[in-house]
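Every chain is numbered from 1, with letters handed out A, B, ... down the list of sequences.
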2 protein chains.
Amino acid sequence: MAQAKFAQIKQFILSRIETGEWQENDRVPSENQLTELFVCSRMTARRALTELVASGVLERTQGVGTFVAGLKSQSSLLVIRNIADEIKDRGHGYSVTPLELKQIDASTAVANALGLEVGNPVFYSVLVHCEQGLPLQVEERFVNPKLVPKYLEQDFRLQTPHEYLSAVAPLTEARHTVEAIMATELLQQRLAIEATEPCLQILRRTWSRQGVVSFARLVHPGSKFKLTSALVNE
Amino acid sequence: MAQAKFAQIKQFILSRIETGEWQENDRVPSENQLTELFVCSRMTARRALTELVASGVLERTQGVGTFVAGLKSQSSLLVIRNIADEIKDRGHGYSVTPLELKQIDASTAVANALGLEVGNPVFYSVLVHCEQGLPLQVEERFVNPKLVPKYLEQDFRLQTPHEYLSAVAPLTEARHTVEAIMATELLQQRLAIEATEPCLQILRRTWSRQGVVSFARLVHPGSKFKLTSALVNE
DNA sequence: TGTTTAACCTTGTATATACAAGGTAGGCTA
DNA sequence: TAGCCTACCTTGTATATACAAGGTTAAACA
C-alpha cells in the first residue's frame, strides 16, 4: 500500500479545502459517505475525520455533521523556547552568569503574580544568559518559597532555574506576555547595551498542581533577539 | 457511564504524570497491559494513548513502546491574533485608516521575502488600525501581484487586507518574527508616539498553494500593545 | 392547523478480530 | 565466540459490528 487508507482520505479532504472547493463551514462527506467513496470501513473514514478535527481543520457536531473549520489564519502560534537550547541549537557557545540569589520581600506586583501577600518572603534570582560571551537575556525570577523551599541552595551554573523548577514542581500551565520596553540603567549594564536600544520583554508565570511556582521577567536586546514562529495550519 | 472509558484511561495516565510518579521518558503501560488493567478492548486503550500522543504528552515508537514525552515546558505557544478581532473582543471601538495603496518596485528585502526579482512590481499598502481612535498598529504590506492581481482595487475600510487575501488565496502557511525596534520618524507620526517609545514589530509572511502571497510589517507601540499567550500543555 | 412523535440521519463509544511492521533478546548454528 | 535468525514483544492499519446519543425532518395525530 503506497499510503495508508486513512491518510489518503485525509489528503482528499485537505486538498479540496486547499483549492477552495470546500470553503469555511461547508459540509464535508459524512462517515458513511466516505465509507462508500473509498470502499473502506466506517472506522477508517472516521479516523481520517477525527484526526482532521484534532488538528483544527474540521469541526463536528454529534447528530449534525462535519464541517470545514473557521480560518485559523486569524491566529497563529509563536514559540517561546528555552534560551539555552535555542543558543545551543544555533551551534553557538552558551554560558550563564548568576548575579543574585537571595530572599526578598514581595512587592505588590510580585505578590500579585505569585498569589502571595505583600511583604511575604520570596526567593529571587538574576542570571545573565550569554551567546558567544555576549548577553542575550537577563532572567529575573521570583519563586514561591512554599512550593520550592530549596531554591536558594541551587547552583544555576549547572542547571538553569527552569530545569530545576521543572524537576521539582512539574508545571501544568504557563502564561506569557510579550512587549517592547526600554531598558532601565541596571538592565542596560547587565545586557551591555546602549540607552537607545529597545528590548523585548517576556513575562512568564508558571503553575504547578499546587499553585503559582514562579514569575519570571526575561529581557532581550531587540537588536539581537527575535521570536520566530514555527508554522500554522494543517 | 459517568465518563467514557478512554477518558478514564487518559486521566489515569495524566494524573500519574502530573504527580511525577511517571517522569520524562518513563515507559507507560502498553496497549495490552492497559487492556487488562481497565478490562477493555485494545482499541479503547489504544485510543487513550493515541490522543495523548496527539496532544504531545506521550511519544511512541512502533515495536518499542510508549513513553512520557519530554517537557513541553521548553517551548510554549504565543498567539498572534487578528488585530481587528482583538480590539473588538475587548469591547472597544475599532477603526482603520488607509494611507497608501499603490504599485512599487521591489527592494532587495521585499523581493527576497516574496520570492521575486529585485525591481519587479509589487503591490504596497499601508493602513493604521486604531482602538478607540488611538493608533495601535501600522500595517505595511507587500503583495505578490501574480497571485493577487486585483489587490489595488480593494477598499480596505470595508475588509481588512488579511480578510481579502484569505478569501482570494487560501493560506496554507504563515511565518512570523517578533522583535523590539525603535520607530522611524514616519512610524512615529503614524503611531502618534514619542521618539523614545520602543515598538513591537511583527514580520509576517504568508503562503498559499502557489507561493508567497504577501509580506507584512506590523508595528505596535510598546506601551499599548502586548502579545499574550493562551496556555501550554495540552 | 398545530403539536407530538417516530423514522432517519448524523457523530460517539466500545468490542473482537486480523494481519502488518518494527525492535529486542535470546538461542541456535557455523 | 561471533553472527544470524527466530520467537516474542511492541505499535500500526483495517474491518465488521453493536448500541448510544444528539439533531432534523416529515408524517401522523389531536
Check the phosphate of [N] against [X], side-chain N and O only, distance under 4.0 Å to OP1 or OP2. Yes or no?
X	N	value
A/Asn32	C/dT10	yes
A/Arg42	D/dA16	no
B/Arg47	C/dA14	no
A/Thr61	C/dT11	no

Side chain of [X] - closest among [options]:
X	options	value
A/Thr44	C/dG12, C/dT15, D/dA14	D/dA14
A/Arg27	D/dA16, C/dT10, D/dT10	C/dT10
B/Arg46	D/dG12, C/dT10, C/dT15	D/dG12
A/Thr66	C/dT15, D/dT11, C/dT11	C/dT11

Could you tell me how far apart [X] ([atom1]) and [N] ([atom2]) are, to the nearest whole angstrom?
X	N	atom1	atom2	answer
A/Gln33	C/dC9	CD	P	11 Å
A/Lys10	D/dT13	NZ	P	10 Å
B/Phe38	C/dT15	CZ	C1'	17 Å
A/Arg60	C/dC9	CZ	P	18 Å

Task: Row check, A/Trp22 ring normal vs A/Arg27 NZ/CZ: under 6.0 Å, within 45° - done: no

Open item on the list: Between B/Arg217 and B/Glu139, is the salt bridge (Lys or Arg N to Asp or Glu O under 4.0 Å) condition met? List the steps.
Closed with: CA-CA 6 Å; B/Arg217 183 159 165 250; B/Glu139 170 186 349; over 6 Å; no

TODO: Select from A/Val39 and A/Val64 the residue whose nearest nucleotide in DNA chain D is closer to the 5' end of that strand.
DONE: A/Val39

Task: Backbone N/O of A/Ala113 and side chain of A/Arg205: donor-acceptor pair under 3.5 Å - done: yes

Task: Validation row, ring centre B/Phe156 to ring centre B/Tyr151 under 6.0 Å - done: yes

